There are 2 protein chains.
Amino acid sequence: MAANILLVEDEPGIQELLKLNLGQAGHQVTAAEDAEGALRYLKTTLPDVILLDWMLPGMSGIDLCRRLRADKRYQPVPIIMLTARGEEQDRVTGLDTGADDYITKPFSPRELVARIRAVLRRRAPQMTEEPVEMAGLRLDPTSHRVSANGKPIDLGPTEFRLLHFFMTHPERVYSRSQLLDQVWGDDVFVEERTVDVHIRRLRLALEASAHDGMVQTVRGAGYRFSVQR
Amino acid sequence: MAANILLVEDEPGIQELLKLNLGQAGHQVTAAEDAEGALRYLKTTLPDVILLDWMLPGMSGIDLCRRLRADKRYQPVPIIMLTARGEEQDRVTGLDTGADDYITKPFSPRELVARIRAVLRRRAPQMTEEPVEMAGLRLDPTSHRVSANGKPIDLGPTEFRLLHFFMTHPERVYSRSQLLDQVWGDDVFVEERTVDVHIRRLRLALEASAHDGMVQTVRGAGYRFSVQR
DNA sequence: CGCCAAAGTGACAGCTTTGTTACAAGCCGA
DNA sequence: TCGGCTTGTAACAAAGCTGTCACTTTGGCG
């Protein structure tokens, strides 16, 4: 889960510290001292995450955040705001302007790393709210409906999420533990074998409408959702 | 996902309980009663995970944790702290000193096992494998598929790994023991002749799609994967 | 040609992984 | 609170993989 990170922080000490810590966590860090520097960098490179200090000389972090969010090009880049203690009320403003997370100084490097991982994960699987359709199978996240060639299919919540994940990540094997992370959430502690059972339930539901064979077992590796074969 | 675990816990009852539970989960557990014992063990062996009790006689768990984190050699080993209820505020300290996770007693064995799995997974390098293709033979690690000129080939896990290794290291002879190291893992104890058998199985699978002759025997040396006949 | 070591082959028992079913606990709306 | 779903787990069955062995074939060499 290594990532390119743009750090916008004017205080040299903190900047160094963060670069060190994030570097150790396997991330690539580029630092900018102010909003202008950040924008200059962004013209050429799109980082995976932006760490944005609230207090900056010149254009403030919040303004930069707002500006980035207004720009289509930077829409998908997660932004984490760094705020000092006592600026708590800023949190609302911060999240309001489009930051994905915020963290209050002083914070432990661990926590920051964890939050970075969290926003990356949140963004990573592009499980959009868009309807997905393939091979006559249609899943609409908004209305929470699944249908095969027009005929509705009944799915429980878990099977629904499972199918949604599969349809947005087809043709690729996922291990049970990956599926637990992605579909159940990585803070849920259930047996890996539970996945098997839900796979079966999903298969049963799909079979009923002649969509069998799409959920495939890859022995020793996991499961794959596929239109082929 | 079996792992070598170093358990640092002074209370015999809990120690026994954990050894039992983790053992059942397929892990290898070594226990130390105090920081000194742990350090002694670490001099010779590097575990996959360290479970560290907060309260220890002599050097406290937190000090040991800090000390380990300061030592380059132990940097990559995940540490999970075991804390008693009511030491909640220690959490921050714990994570601050470099623990990867913490768990509050009393906890269910299941939860502990899950957290161990989580830290292991988090550390595991996310190797994004590129598809390999040569002479009409295509192997895609992500979808875990092999095909010859479009036609799918069925391979068991071992044959898949074997072919993957061969395709990423073509035109070169590997001895049986090298192949065991690379494909089976260097901690596996199997007869060298086992390689022969899997070579044969791989050949059979490839023959079926007219890709015979690619796995070549080099008498007295080993095997080679080659496009040339 | 005859011998010996190396490699090929087929069978198989044991083991691991996965499928399937049943069941109890939890949740939620009626 | 009562039923009907959903969920997680356990237990057992089925299927597939693996490692090893015994036996055969091949290749090299005197």
Side-chain angles (χ1 to χ4, degrees), chain A residues 144 146 152-164 173-181 183-208 212-225, chain B residues 1-2 21 24-26 108-111 113-114 117 144 146 152-164 173-181 183-185 187-208 212-225:
Chain A
H144 217 270
V146 184
I153 297 180
D154 248 357
L155 290 182
T158 306
E159 279 70 53
F160 185 88
R161 288 199 308 276
L162 186 56
L163 179 59
H164 189 195
V173 178
Y174 291 94
S175 69
R176 290 174 177 70
S177 87
Q178 285 176 314
L179 289 173
L180 284 180
D181 276 3
V183 179
W184 275 256
D186 62 359
D187 50 352
V188 179
F189 306 121
V190 292
E191 294 290 321
E192 293 205 342
R193 288 298 254 99
T194 298
V195 175
D196 296 39
V197 178
H198 285 275
I199 287 283
R200 162 158 176 78
R201 288 171 184 157
L202 177 56
R203 276 174 175 159
L204 282 178
L206 293 182
E207 253 175 48
D212 53 314
M214 298 185 87
V215 180
Q216 304 169 352
T217 304
V218 181
R219 216 154 225 275
Y223 296 97
R224 169 182 56 207
F225 183 82
Chain B
M1 181 79 100
N21 281 305
Q24 275 190 333
S108 76
R110 193 180 296 287
E111 182 178 358
V113 169
R117 194 178 61 217
H144 217 274
V146 182
I153 297 180
D154 250 355
L155 291 182
T158 305
E159 279 69 53
F160 186 88
R161 288 198 309 276
L162 186 56
L163 179 59
H164 189 195
V173 179
Y174 291 94
S175 69
R176 289 172 177 70
S177 85
Q178 284 177 313
L179 288 173
L180 282 180
D181 277 2
V183 180
W184 274 256
D187 51 350
V188 183
F189 161 67
V190 285
E191 295 288 322
E192 291 208 340
R193 290 293 257 110
T194 297
V195 175
D196 296 38
V197 178
H198 284 276
I199 287 284
R200 148 141 250 268
R201 289 171 183 157
L202 177 56
R203 277 174 173 158
L204 282 179
L206 294 182
E207 254 175 46
D212 53 313
M214 297 185 86
V215 180
Q216 304 168 352
T217 304
V218 181
R219 211 151 223 273
Y223 296 96
R224 170 183 55 209
F225 183 81

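Labels below follow one simple rule: chain letters A, B, ... track the order of the sequence lines, proteins then strands, and each chain is numbered from 1. Note that the coordinates shown come from a computational prediction; the quantities given were computed from them, not determined experimentally.
The CG atom of B:Leu204 sits 12 Å away from the P atom of C:dA11 (whole-angstrom rounding). If you measure from atom CD of A:Gln216 to atom C1' of C:dT18, you get 15 Å, rounded to the nearest angstrom. Here the C1' atom of nucleotide D:dG8 and the CG atom of A:Leu162 are 15 Å apart, to the nearest Å. Atom pair B:Leu202:CG and C:dT9:P shows a separation of 13 Å (rounding to whole Å applied). B:His144 places its NE2 atom 11 Å from the P atom of C:dT18, with the value rounded to the nearest Å. Look at CD1 on B:Ile199: it is 12 Å from P on C:dT9, rounded to the nearest Å. Atoms CG (B:Leu155) and C1' (D:dG16) sit 14 Å apart, rounded to a whole Å.
Within the model, atoms CZ of A:Arg219 and CG of B:Asp154 stand 11.5 Å from one another, a figure rounded to the nearest 0.5 Å. Within the model, atoms CD1 of B:Ile199 and CG of B:Leu163 stand 10.0 Å from one another, a figure rounded to the nearest 0.5 Å.
Considering all non-hydrogen atoms of both residues, B:Leu179 and B:Tyr223 come closest at CD1-CD1, 4.2 Å. The heavy-atom pair separating B:Arg176 from B:Gly222 by the smallest distance is NH1-CA, 4.3 Å.
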Taking only N/O atoms, report every protein-nucleotides 19-26 of chain D pair under 3.5 Å with atom names and distance.
| residue | atom | partner | partner atom | Å |
| --- | --- | --- | --- | --- |
| D:dG19 | OP1 | B:Trp184 | NE1 | 3.1 |
| D:dG19 | OP2 | B:Trp184 | NE1 | 3.3 |
| D:dG19 | OP2 | B:His198 | NE2 | 2.7 |
| D:dG19 | O6 | B:Arg201 | NH2 | 2.5 |
| D:dT20 | OP2 | B:Glu191 | N | 2.6 |
| D:dT20 | OP2 | B:Thr194 | OG1 | 2.7 |
| D:dT26 | O2 | B:Arg219 | NH2 | 3.0 |

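The shortest distance between the side-chain N/O atoms of A:Thr217 and the OP1/OP2 oxygens of C:dG19 is below 4.0 Å. The shortest distance between the side-chain N/O atoms of A:Tyr223 and the OP1/OP2 oxygens of C:dT17 is not below 4.0 Å.
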Verify side-chain contact (heavy atoms from CB on, under 4.5 Å) between B:Leu204 and B:Glu159, making sure each step is shown before the conclusion.
CA-CA 11 Å; B:Leu204 282 179; B:Glu159 279 69 53; over 6 Å; no
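B:Arg201 pairs by the side chain to side chain donor-acceptor pair (under 3.5 Å) definition with nothing, not counting sequence neighbours.
Heavy-atom nearest nucleotides on DNA chain C were determined for A:Asp196 and for A:Arg200, and the one closer to the 5' end corresponds to A:Asp196.
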